[in-house]
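All remarks here apply to the structure that follows.
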Amino acid sequence: MRELMLGNKAIARGLFEAGVCFVSSYPGTPSTEITEEAAKFDEIYCEWAPNEKVAMESAFGASLAGRRAFCGQKHVGLNVAADPLFTMSYTGVNAGLVVVVADDAGMHSSQNEQDSRHYAIAAKVPMLEPSDSAEALEFTKLAYEISEMFDTPVIIKMCTRIAHSQSLVETHERIDVKKTYEKNIPKYVMMPGNAKKRHPIVEERTRNLIDYAEKTPLNREEIFSDKVGIITSSTCYQYVKEVFGDSVSVLKLGMVNPLPPELIKNFAAKVKKLFVVEELDDVIESFVKSLGIAVEGKNILPNIDEFSQNLIAKSFGKLVDSGKLTVDGNLADKLTNSLKTDNCELTTDIPPRPPVMCAGCPHRGLFYTLKKNKCTVLGDIGCYTLGAVPPLGAIEMTLCMGASIGATHGFNKMLGKESENKTVGVIGDSTFVHSGMTGLANVAYNQSNSTIIILDNSITGMTGHQQNPTTGFNIKGDPAGKINLEALVKAMGIERVKVVDPYNLKECDEVLKEELKAAEPSVIISRRPCALLKYVKHNPPLKVNSEKCIGCKSCMKIGCPAISMKDGKAVVDSTQCVGCNVCSQLCPKKAFE
């Protein structure tokens, strides 16, 4: 049966068809939909884990038990999961274990654009890289075969474009794979003596995987010309084909670690000029150069941001125009025509649309209060990071998930009273469970006079409303274990714990001042569910009494998208307003009714 699927949905379908029984992930764009789609199959147990490290360790446990397992995350999530990944390379697996990492070149929703191929190289595990949804499905099934054949976890590298684009896939029936767990201390207990004996096994496996890479249909040649050859993979393969068609020869790599040296040498010998087209770092290019082969790539293509058809056409077109690349007329025409196509370049000026917190966002009132009190705010990863955007402009630092608490601790330890009564760390409820708890344990243990604010909006908001251990529901929406944040924080050694409603500006202001004055660690929980949750009941929208409004723009200080100015008076968009009443608390004339 053929079906049009997103790349992420195709991965989930591949998990189903491969007989996967266990999925544990942490949501992170652009990988989130894989686990959400997998949860629709009753044959697969699926869960949201507190963080990526726990998810990968849980998947390893399922593999150990003899069931095929999966763990998914975005590229920065793999940083969190790197600890178990590197040692899993030594232990190997029982049933197949596949890890998906979704890179975000262009940083559509990320704090960096790291290249995850380096992890596969460093951990010495195979990595596959599909270039469309059909390959996403088939590579997933093949990854489990490779995992069990070579006794190794296998990484599938996705990217934003492949994860979120659609193409036709061929679906098949599910297979059933179950293995028996057998006690094997030398294999699975990585104390130094055992690990020392496992390392040579990893190196031998790598040599065997190189032989496999030389022969596997995952890597294929498309020979059309002896003038120009391009080595590429993933979404770049699609761009190369759209720009050049059959005017150049292509070595399409579906297995990007380990790379096949003999296949690359043979391909290079068939063309006069060799290029590598790859996003971000020069991983393939550097490998080709290490073989003593003349190749070009990053000298004409950037190592930042996403590629596009237009970028590739322009880069190669400049070589042709400068006489540095001699090609036949057909290729020159291809480059010219690709630059002329309507979808290559946007010439219309579009006004910028900066991201803002939603109307009624519970974080808005809290950030307004922090700015009003001239606090130094060290932030974290989540939709509340928008507290750094004007007009609020409250957050001054965002590093990685969970870093706000540790950073606040270090900041206050160094500056003492100079910062203790005006510095706060802010972190979301899901992010706190992800990796903020250890930071708070450090505050409690080493006793910095730090004020931490947990922004509890009762959901994982940034990635699209996934459940987390504080919500009381699992991935399917069924009742689940629920962490009581107040009890948890107190159990960790924080004596001062206050809960505020961020829609109540007076309460927020009073509690903030009180906790900043306290000479001990404290936690404020700002609790109000996300305004976009379906079960949240909103008040009727407000409207402005134009006779009372004096046009002072006090209401504009919170940056609510439902409020604007027209003819010198405030105006409320009733289609956006949720009646939170935060704006009315700012109006000196009580014009909001």
Side-chain angles (χ1 to χ4, degrees), residues 115 117 127-132 135 157 159 162 210-303 306-339:
D115 192 326
R117 291 178 295 177
M127 175 178 273
L128 311 185
E129 193 170 19
S131 62
D132 59 24
E135 287 189 349
K157 177 180 174 289
C159 66
I162 302 301
I210 291 172
D211 291 340
Y212 178 85
E214 299 283 9
K215 305 178 184 70
T216 177
L218 289 165
N219 303 322
R220 68 173 186 265
E221 290 183 336
E222 299 176 2
I223 304 298
F224 297 107
S225 167
D226 64 352
K227 293 184 173 62
V228 178
I230 296 176
I231 304 175
T232 189
S233 66
S234 187
T235 188
C236 290
Y237 168 76
Q238 303 292 355
Y239 300 153
V240 166
K241 296 302 289 184
E242 288 182 42
V243 171
F244 298 112
D246 297 340
S247 297
V248 300
S249 294
V250 174
L251 174 56
K252 194 266 187 190
L253 297 174
M255 189 172 194
V256 292
N257 190 65
L259 290 167
E262 295 304 318
L263 182 62
I264 291 172
K265 288 177 185 177
N266 292 337
F267 178 75
K270 296 174 183 176
V271 296
K272 294 183 176 66
K273 192 76 172 178
L274 185 64
F275 295 89
V276 170
V277 177
E278 57 185 329
E279 283 183 339
L280 299 182
D281 297 339
D282 55 338
V283 174
I284 300 172
E285 182 182 346
S286 293
F287 181 82
V288 174
K289 287 179 177 177
S290 75
L291 300 176
I293 298 171
V295 62
E296 296 187 53
K298 293 304 177 185
N299 59 319
I300 64 168
L301 294 163
N303 62 353
E306 282 189 303
F307 283 8
S308 66
Q309 300 92 325
N310 194 53
L311 174 81
I312 291 171
K314 280 185 175 179
S315 299
F316 279 86
K318 288 177 182 177
L319 284 181
V320 173
D321 292 342
S322 64
K324 294 180 180 179
L325 178 60
T326 303
V327 297
D328 56 29
N330 186 33
L331 177 53
D333 290 342
K334 283 276 186 183
L335 290 170
T336 302
N337 291 336
S338 65
L339 287 170

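In this chain, numbering begins with 1 at the start of the sequence shown. Everything quoted here is computed from the prediction, not taken from an experiment.
- For the atom pair NZ (Lys289) and CG (Asp282), the distance works out to 6.5 Å, reported to the nearest 0.5 Å.
- Note that CD of Glu129 is 4.0 Å distant from NZ of Lys157, once rounded to the nearest 0.5 Å.
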(message) Between Val276 and Thr232, is the side chain to side chain contact (heavy atoms under 4.5 Å, CB included) condition met? List the steps.
(response) CA-CA 6 Å; Val276 170; Thr232 189; over 6 Å; no
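- Residue Leu253 holds its CG atom at 6.0 Å from CD1 of Ile264, rounded to the nearest 0.5 Å.
- In terms of heavy-atom proximity, Ser225 sits nearest to Lys227 at OG-N, 3.0 Å.
- Formation of a donor-acceptor pair under 3.5 Å by the Ser247 side chain with backbone atoms of Phe244 is found in this model.
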(message) Show, in sequence, the C-alpha distance, side-chain angles and deciding distance for Val295 and Phe275, and conclude whether the side chain to side chain contact (heavy atoms under 4.5 Å, CB included) test is met.
(response) CA-CA 5 Å; Val295 62; Phe275 295 89; 5.5 Å; no
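- No side-chain heavy atom of Glu285 sits under 4.5 Å from any side-chain heavy atom of Val288.
- Between Glu222 and Lys270, no side-chain nitrogen of the basic residue sits less than 4.0 Å from a carboxylate oxygen of the acidic one, so the salt-bridge criterion is not met.
- When all heavy atoms of Cys236 and Phe307 are compared, the closest pair comes out as SG-CD2, 3.8 Å.
- Rounded to the nearest 0.5 angstrom, Ile284 CD1 and Ser233 OG are separated by 4.0 Å.
- In plain terms, the two heavy atoms of Ser131 and Ser234 that are nearest each other are CB-O, 3.2 Å.
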(request) Please step through side chain to side chain contact (heavy atoms under 4.5 Å, CB included) for the pair Asp115 and Val283, ending with a clear verdict. (result) CA-CA 9 Å; Asp115 192 326; Val283 174; 4.2 Å; yes
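- A pairwise comparison of heavy atoms in Ile300 and Ser315 identifies O-OG, 3.3 Å as the closest pair.
- Glu214 contributes a side-chain N or O that, together with a main-chain N or O of Glu262, makes up a donor-acceptor pair within less than 3.5 Å.
- Smallest separation of non-hydrogen atoms from Asp132 and Gln238: CB-NE2, 3.7 Å.
- Contact check for Tyr212 versus Met255: side-chain heavy atoms found under the 4.5 Å cut-off.
- Salt bridge status for Asp281 with Lys298: absent, with no side-chain N to carboxylate O gap under 4.0 Å.
- With rounding to the nearest 0.5 Å, the separation of CD1 in Ile210 from NZ in Lys215 is 11.0 Å.
- Of the possible donor and acceptor atoms, one in the side chain of Asn219 sits under 3.5 Å from a partner among the backbone N and O of Gly254.
- Closest approach of Leu263 and Ala213 over heavy atoms only: CD2-O, 4.5 Å.
- The side-chain heavy atoms of Leu301 and Glu296, taken from C-beta on, include no pair separated by under 4.5 Å.
- Proximity of a side-chain donor or acceptor of Asn310 to a complementary backbone N or O of Ser308 within less than 3.5 Å is not detected.
- With contacts defined as side-chain heavy-atom distances shorter than 4.5 Å, the pair Thr216/Pro260 does not qualify.
- Here the CD1-CG distance, from Ile223 to Leu251, works out to 8.0 Å after rounding to the nearest 0.5 Å.
- A salt bridge links Lys252 to Glu135: one of the charged nitrogens lies within less than 4.0 Å of a carboxylate oxygen.
- Taking a cutoff of 4.0 Å between a charged side-chain nitrogen and a carboxylate oxygen, Arg117 and Glu278 qualify as a salt bridge.
- Each of Tyr239, Tyr237, Phe316 was scored for a side chain to side chain contact (heavy atoms under 4.5 Å, CB included) with Val277, with one residue passing: Phe316.
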